[in-house]
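Working notes, beginning with the structure itself.
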Protein chains: 2
Amino acid sequence: MTFLSDEALKDKLNSRGYRSTPQRQKVLSIFIALAQGEHLSAEDLHRALREDDVGDAAPTENRISLSTVYRTLHLMVCMGLLRELELAEGHKHYELNRPLRDHHHIVCLHCNQTLEFEESSVAEIGEKTAKEAGYHVLDCQLILYGICANCTEDKKVG
Amino acid sequence: MTFLSDEALKDKLNSRGYRSTPQRQKVLSIFIALAQGEHLSAEDLHRALREDDVGDAAPTENRISLSTVYRTLHLMVCMGLLRELELAEGHKHYELNRPLRDHHHIVCLHCNQTLEFEESSVAEIGEKTAKEAGYHVLDCQLILYGICANCTEDKKVG
DNA sequence: CTTCCTGCAAAGAGTTTGCATTTGT
DNA sequence: ACAAATGCAAACTCTTTGCAGGAAG
């Protein structure tokens, strides 16, 4: 748990008038346990929370409703803890908003395949611009849309 | 109509086995008439099509259903004619995909205010990466999420 | 004259909201 | 105690889809 402890989360929440709850801790811990590059939809997260629950001591406790999942995701995006990704599957995905925002996405408009890549100079350029405009930057996303090599053979696209 | 004539659209469609229809021409013409930087949701476009219709000679003709609007938008994104923007309002926006993809967005996560900025080096970096991965790039979007100057005063965010 | 496109209406997915209850501070 | 968060269920918005009639190549 190198990213944010329960106490640090609590402080961050309390300083804004929000409260620390087991649900919020659980949600964050799921994201922290995720491999770099993985991202979850609201449904994915909901499922992960239930599965995580099975092995625990208190099985029927700590159940989180889908509403709370959505509310928590929104809160954590606004606090800068998570980043919201709109790729191509018709619903949003979320992942930890790691300090260095240098990982971006390429999406195939035809088969929805997603590729990640690292690129730090983009974030620098973007943040500079945003700060000049008076924004406090929480996330910086470069998304490329195109047709992947496999799909390029299909003449109807591109 | 400096961007794409009806004939050019027809060729582009036919070469892929699609057909040129009055609806598709109309949709594209709406986007061409749009000021640089403006973007429309599916509903916006549907409304614009109806309003545009009022002044015309054949009022009851050329009505386009919302289904067709959605189908046309999707088609034109996949063909690289339009770009799909996912900003913050909970629904997608569309604009002409102009040859130089050097205009990007900053969104306030609190009030949804959107700011545009020009930046060409980002597109260069991104396209280089994508091409190396074998992608045929159709769009390149840099989106920054943050809290705008006005909202920063609200202690609950940021 | 065949294939593709459209409009309609209905369905679908993902997300949000109101309200009573529970919980953190 | 008081305000904030949760769970449930219902509502809501945006978007997609099946099908019959109509239009383009």
Side-chain angles (χ1 to χ4, degrees), chain A residues 6-7 9-28 39-47 49-50 53 58 60-79 82 84-94 112 155-156, chain B residues 6-7 9-28 39-47 49-50 53 58 60-79 82 84-94 112 155-156:
Chain A
D6 285 356
E7 292 73 38
L9 173 63
K10 182 175 189 301
D11 290 348
K12 227 172 157 76
L13 286 164
N14 289 169
S15 71
R16 289 170 173 77
Y18 298 126
R19 291 172 183 178
S20 170
T21 67
Q23 289 88 340
R24 287 171 182 177
Q25 290 165 18
K26 212 77 204 300
V27 166
L28 192 58
H39 33 72
L40 305 178
S41 68
E43 288 285 0
D44 292 339
L45 173 59
H46 194 221
R47 199 177 317 115
L49 287 162
R50 290 191 158 276
D53 202 31
T60 39
E61 284 305 316
N62 291 49
R63 286 283 167 74
I64 308 189
S65 74
L66 196 50
S67 318
T68 299
V69 165
Y70 277 107
R71 284 189 275 232
T72 305
L73 287 171
H74 182 243
L75 180 71
M76 291 189 172
V77 168
C78 285
M79 287 176 63
L82 299 179
E84 186 175 77
L85 306 171
E86 177 67 35
L87 301 171
E89 303 84 15
H91 53 265
K92 288 163 184 156
H93 280 208
Y94 301 84
N112 286 350
K155 293 287 181 184
K156 281 212 169 186
Chain B
D6 284 357
E7 293 73 37
L9 173 62
K10 183 175 189 303
D11 289 348
K12 227 172 157 70
L13 286 164
N14 289 351
S15 71
R16 287 169 174 78
Y18 297 127
R19 290 172 183 178
S20 170
T21 67
Q23 289 89 339
R24 287 170 182 178
Q25 289 165 20
K26 211 76 203 299
V27 166
L28 191 58
H39 32 72
L40 305 177
S41 68
E43 288 285 1
D44 293 338
L45 173 59
H46 193 221
R47 199 177 316 114
L49 287 162
R50 291 191 158 274
D53 203 32
T60 39
E61 283 305 316
N62 292 48
R63 286 283 168 74
I64 307 190
S65 74
L66 196 50
S67 318
T68 299
V69 164
Y70 278 108
R71 283 189 276 231
T72 305
L73 288 170
H74 182 244
L75 180 71
M76 291 188 172
V77 168
C78 284
M79 286 176 64
L82 299 178
E84 188 175 76
L85 306 171
E86 177 67 34
L87 302 171
E89 303 84 16
H91 53 265
K92 287 163 184 155
H93 280 209
Y94 300 84
N112 286 351
K155 292 287 181 185
K156 282 213 170 189

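Chain A is the first sequence line, chain B the second, and so forth, proteins listed ahead of strands; every chain is numbered from 1.
At a cut-off of 3.5 angstrom, the base of D:dC8 holds at least one donor-acceptor pair with the side chain of A:Ser67.
Listed pair B:Lys10 / D:dA24 fails the phosphate criterion, with no side-chain N or O lying under 4.0 Å from OP1 or OP2.
For A:Thr21, the side-chain atoms get nearest to D:dT6 when compared with the rest of D:dT6, D:dG25, D:dT15. Taking the side chain of A:Leu66 as heavy atoms from C-beta on, and the options C:dC5, C:dG7, C:dT15, the nearest nucleotide is C:dT15. Listed candidates were C:dC5, C:dT25, D:dT15. Nearest to the side chain of B:Tyr70 is D:dT15. Taking only side-chain atoms of A:Arg24, from C-beta outward, the nucleotide of C:dT3, D:dA5, C:dG14 with the closest atom is D:dA5. Taking every side-chain heavy atom of A:Arg19 into account, D:dA3 is the closest of C:dC5, D:dA3, C:dG7.
Between the axis at the start and the axis at the end of the helix from C:dC1-D:dG25 to C:dT25-D:dA1 there is an angle of 50°, using five pairs per end and rounding to 10 degrees.
Residue B:Ser41 is classed as having no contact, given no heavy-atom separation below 4.0 Å to the nucleic acid. In this structure, B:Arg71 reaches the bases: a heavy-atom distance under 4.0 Å links it to at least one base atom across the strands shown.
D:dA4 atom C1' lies 12 Å from atom CD of A:Gln23, rounded to whole Å. The distance between atom CG of A:Asn14 and atom C1' of D:dA3, rounded to the nearest whole Å, is 13 Å.
Mapping A:Thr72 and B:Lys92 onto DNA chain D by nearest heavy atom places A:Thr72 at the nucleotide closer to the 5' end.
Qualifying salt bridge (charged side-chain N to carboxylate O under 4.0 Å, His left out) partners for B:Asp11, counting only residues two or more places apart in sequence or in other chains: none.
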